[in-house]
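Structure first, commentary second.
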Amino acid sequence: MAEEVPYTRTVALTIGSSVTIRGTPTIAFVKDPQLQVDFHTEPSEKSDIAFHFRVYFGYSVVMNTRQSGKWGNEVKSSTMPFEDGKPFDLRILVLRNEYQVIVNGEQYYSFAHRIQPSSVQMVQVWRDICLTSVDVV
């Protein structure tokens with residue numbers, strides 16, 4: 001059973017929490033599909049974003065924060081563990097100093113906290129994916 005995209009959910013994150021997203025890209029990589037995960041500080045799309053994770057499938061991953069409506073310095077990686085047309089298991093761990101991003105069981109990215117994870121109130125997952133599940137523990 002697939003989830004609607006964009007998918008939003010209210011959450012309360014603490015150190016040790018994790019958000020696991022399972023899905024499949026819906027468009028061939030040559031057509032530039034994307035995946036976006038945002039940890040909002042209020043239950044609104046217009047709120048600040050403590051953690052922004054955006055995959056440009058086949059090319060790069062960008063991580064950032066949005067504070068007072070302004071984007072910070074983005075962290076970019078060309079490491080691409082996602083495969084064209086294949087399901088993925090994306091897990092974001094909330095650690096004391098950073099978010100750790102694990103794709104298909106392997107750690108690929110980390111992003112230091114700029115906004116405390118305890119301020120996160122909503123997770124949003126969207127763009128060009130078929131979303132299988134989102135689990136927050």
Straight-line distance of [X] [atom1] to [Y] [atom2], nearest 0.5 Å:
| X | Y | atom1 | atom2 | result |
| --- | --- | --- | --- | --- |
| I15 | S118 | CD1 | OG | 7.5 Å |
| E106 | R91 | CD | CZ | 14.5 Å |
| S60 | E74 | OG | CD | 8.0 Å |
| I129 | I21 | CD1 | CD1 | 7.0 Å |
| N64 | N73 | CG | CG | 7.5 Å |
| D135 | S18 | CG | OG | 8.5 Å |

Within the distance-only criterion (no hydrogens, no angle test), does the side chain of [X] pair as donor or acceptor with the backbone N or O of [Y] below 3.5 angstrom?
| X | Y | value |
| --- | --- | --- |
| D128 | T26 | no |
| S68 | K70 | no |
| R9 | V134 | yes |
| D38 | Q124 | no |

So, for [X] and [Y], which heavy atoms are closest and what is the spacing to 0.1 Å?
| X | Y | answer |
| --- | --- | --- |
| G58 | M80 | N-SD, 3.5 Å |
| R22 | D89 | NE-OD2, 2.9 Å |
| T41 | Q121 | O-NE2, 3.2 Å |
| V62 | Y56 | CG2-CE1, 3.9 Å |
| C130 | A2 | SG-CB, 4.1 Å |
| R66 | S47 | NH2-O, 2.6 Å |

Do [X] and [Y] share a hydrophobic cluster, counting only Ile, Leu, Val, Met, Phe, Trp and Tyr and linking them when any side-chain heavy atoms are less than 4.5 Å apart?
| X | Y | value |
| --- | --- | --- |
| F88 | V136 | yes |
| M122 | V5 | no |
| F57 | M63 | yes |
| Y7 | V120 | yes |
| I49 | L90 | no |

Hey, is CD on E45 packed in by over 12 heavy atoms from elsewhere, all under 6.0 Å?
-> no

Taking side chain as C-beta onward, heavy atoms only, is [X] less than 4.5 Å from [Y]?
| X | Y | answer |
| --- | --- | --- |
| V19 | L13 | yes |
| L35 | V37 | yes |
| I115 | Q67 | yes |
| V125 | L131 | yes |

Verdict with reasoning, Q36 to H52, per side chain to side chain contact (heavy atoms under 4.5 Å, CB included) | CA-CA 7 Å; Q36 187 166 326; H52 165 80; 3.4 Å; yes

Could you pull out all residues at least two apart from Y99 that satisfy ring-ring contact (aromatic ring centres under 6.0 Å, His included)?
-> F39, F51, H113

Using ring pair (Phe, Tyr, Trp, His ring centres under 6.0 Å) as the criterion, point out the one residue from Y109, Y108, W126, F111 that pairs with F53.
-> Y109

